[in-house]
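Below: one structure, written as structure tokens.
In this chain, residues are counted from 1 in sequence order. Ligands are counted one by one from 1 in listed order, and the atoms in each one are counted from 1 as well.
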Amino acid sequence: MSKTDWIVVGGGSAGCVVAARLADPNGSRCGNVTILEPPTNAARRVDRERPAKWLNLLGSSEDWKLTTSENPQLANRALRWPRGRGLGGSSRINAMIWFPPTCKDLQMLVNASGGAWNLAELQQDLNDLTELTRPEQPAWQSEASQRFLDAAKQFGAGAAWTYMRLNRSGRRWNPARLFNETQAGGCIEVQRTTVNRLICKGDRIIGVETYDDQGKNEIFANKGVVICAGAIATPAILMRSGIGPRDQLEKAGIEVCLESEQVGQGLQDHLIMPMIFQVRSGRFPPHPSVQDIARWQTMGTGPLASNLAECGGLFMQDSVQIHVTPTHYLSYPKQADQAYMTLGVNATQPQSMGMLQLQSSNPQVPLSIHPHYLQNTNDRDVTITGMRLVRRLVAETDLSRWIVTEALPGNKRKTDQDLGRAISRYSRTLYHPAGTSRFGATNSSVVTPEFRLKGFRQAWVVDGSILPRLPHGNPNATIMLLAFKAANRLRKLFS
Ligand SMILES: Cc1cc2nc3c(=O)[nH]c(=O)nc-3n(C[C@H](O)[C@H](O)[C@H](O)COP(=O)(O)OP(=O)(O)OC[C@H]3O[C@@H](n4cnc5c(N)ncnc54)[C@H](O)[C@@H]3O)c2cc1C
């Protein structure tokens, strides 16, 4: 048994920001912070830093290796759902794109707060956060990205740009680096352990129960517990603590502490449909040459510094995001003798909502994940419209002369029915699960606009699970923004 000022459950994108802010010695520091993050094989691994090699991290010991249930709308496929494990969380294995929330996303958050937040403050928080994370403009770009950006300009609809990245000189930047970059590190302790459940005393959360190879342990917090275990593990921890839908808790033999119907519900994700084109030049190397390695090591540039998803943008009044990779999306990094480019299409505001189901009170038994992709037919319709837009963009610009053929879904698939079938067969997760313990001002919200776990004192939640809706683009920046705001609030409360 041990005691600290603050417990942060999960040292991922949100957890690192929260810990760094709470322990930041500048201004009024809030006290000592203990981050509880499950152990991983922390051996040095160069692929963790090489942007082009992030796919190698999926399925490794740094990935929770989750799998969804079979999706009836996806030809009964079960999808692999990577989630980062180890300090940095999903920022440790992700594609590093820094996609700041759009104005509509910021407004969505303000609306969800029921007037408790205001736009100007949120924008200021985003500016302050960006000064800390310092996303980088990439120094190298593939031929595919250059040609796509030129074509998008020529086409004239929508907005496309080179994505900023959480990199430092062409190397992955992990948000745990904030501990040293903000001098907070001296007051942060990282314990390599896994949280089973929260410990309540009346309506106060006083600590957590953890488990590891040595067995169970309890850790207590003087000031409070901030839960940042991500969109899957946060609702799992809440449910194992007796906070969740009554029927699920009772089925798993867990005593109900607080009935909260929305815990584990409202699951959203972006689903990407890859449109793959064989092109005339610019084959992206599946394995770096000696020169590529030297270029990256000395200057942080060249193809190894590519994050593969180099550019893209929002189209059709922001309802569709297009992602550009200089590869065959479904087979890279297997050797390809031809050059390919993929234009991935996804509906930015999916209407389908899935759910998580607790299987057991045993924390080692994973939740079952039911994303319910495409259950709302609007998501399929928007994706089809996006695919047709891509075909027009290709046909009406200089891309048409560079492209040899559309390999997937292929020109023979013409009707909405054909395209719908291709979406069912080939689309994949874009790795953005969210919304499973939403914050808001309504009765059913799990978390208040002050980030407090409803029904309890001394407990706060902030990570992808609290998003009321997915932002239009890649969500990491938005999640880190929520974490930054939550931590600033706690600093004010406790200074
Ligand atoms: C492969 C991949 C690529 C992606 N690419 C991008 C991208 O380019 N741009 C972008 O914006 N977004 C991207 N995302 C999404 C983005 O990285 C995530 O949405 C974001 O990191 C989620 O942050 P989080 O804090 O909610 O959760 P996480 O960062 O996942 O952190 C949760 C932490 O909690 C820990 N944890 C879990 N269970 C427990 C427990 N029981 N006890 C204690 N700790 C626990 C985990 O190990 C983890 O460290 C990607 C995600 C993946 C997986």
I'd like to check whether [X] has a polar contact with ligand 1, where a contact means an N/O of the residue lying under 3.5 Å from an N/O of the ligand.
X: R240; value: no
X: R83; value: no
X: T193; value: no
X: T194; value: no
X: V195; value: yes

Heavy atom of the protein closest to [atom] (residue, atom name, distance):
atom: atom 44 (N) of ligand 1; value: P38 CD, 3.2 Å
atom: atom 4 (C) of ligand 1; value: N94 CB, 3.1 Å
atom: atom 15 (C) of ligand 1; value: Y431 O, 3.5 Å
atom: atom 20 (C) of ligand 1; value: N476 OD1, 3.3 Å
atom: atom 31 (O) of ligand 1; value: G12 CA, 3.2 Å
atom: atom 35 (C) of ligand 1; value: E37 OE1, 3.3 Å
atom: atom 9 (N) of ligand 1; value: I97 O, 3.0 Å
atom: atom 43 (C) of ligand 1; value: L36 O, 3.4 Å

If we set the cut-off at 4.0 Å for heavy atoms, which region of [X] has an atom near ligand 1: side chain, backbone, both, or neither?
X: H432; answer: side chain
X: P363; answer: neither
X: L58; answer: side chain
X: I479; answer: side chain
X: A95; answer: both

If you count the atoms of ligand 1 from 1 in the order shown, which ones are under 4.0 Å from a heavy atom of [X]?
X: P82; value: 53 (C)
X: A233; value: 37 (C), 38 (N)
X: G86; value: 47 (O), 49 (O)
X: G230; value: 26 (O), 27 (O), 32 (C)
X: S13; value: 20 (C), 21 (O), 23 (O), 25 (O), 29 (O)
X: G464; value: 26 (O)
X: A14; value: 25 (O)
X: R85; value: 47 (O)

[X] vs [Y] aromatic rings, parallel, tilted or perpendicular, using cut-offs 30° and 60°?
X: W161; Y: Y163; result: perpendicular
X: W460; Y: W6; result: tilted
X: Y340; Y: H328; result: perpendicular

Counting C-beta onward and ignoring hydrogens, is there a side-chain heavy-atom pair between [X] and [Y] closer than 4.5 Å?
X: R92; Y: T40; result: yes
X: P288; Y: K53; result: yes
X: L453; Y: V446; result: yes
X: H270; Y: P350; result: yes

Let's go through E131 and N127 carefully: what are the C-alpha distance in whole Å and the side-chain angles of both, what is the deciding distance for side-chain hydrogen bond (donor to acceptor under 3.5 Å, both in side chains) to 0.1 Å, and is it a yes or a no? CA-CA 6 Å; E131 266 177 40; N127 296 345; over 6 Å; no
Exercise: do [X] and [Y] side chains pair donor with acceptor under 3.5 Å:
X: S91; Y: N476; answer: yes
X: S368; Y: Q359; answer: yes
X: D63; Y: S60; answer: no
X: H323; Y: T325; answer: no
X: R172; Y: N94; answer: yes
X: E189; Y: T4; answer: no
X: S69; Y: H370; answer: yes

Mind checking whether W64 has a heavy atom under 4.0 Å from ligand 1? yes
Of all the heavy atoms in G473, does at least one lie under 4.0 Å from an atom in ligand 1? no
If you compare all heavy atoms of R165 against all heavy atoms of S306, which two are closest, and at what distance to 0.1 Å? NH1-CA, 4.0 Å
Looking only at non-hydrogen atoms, which of G89, G10, A229 approaches atom 32 (C) of ligand 1 most closely? A229
Going by the closest heavy atom to atom 18 (C) of ligand 1, which one wins out of A483, S90, A236, P433? S90
Rounded to the nearest 0.5 angstrom, the CE-CG distance for M353 and D269 is 12.5 Å
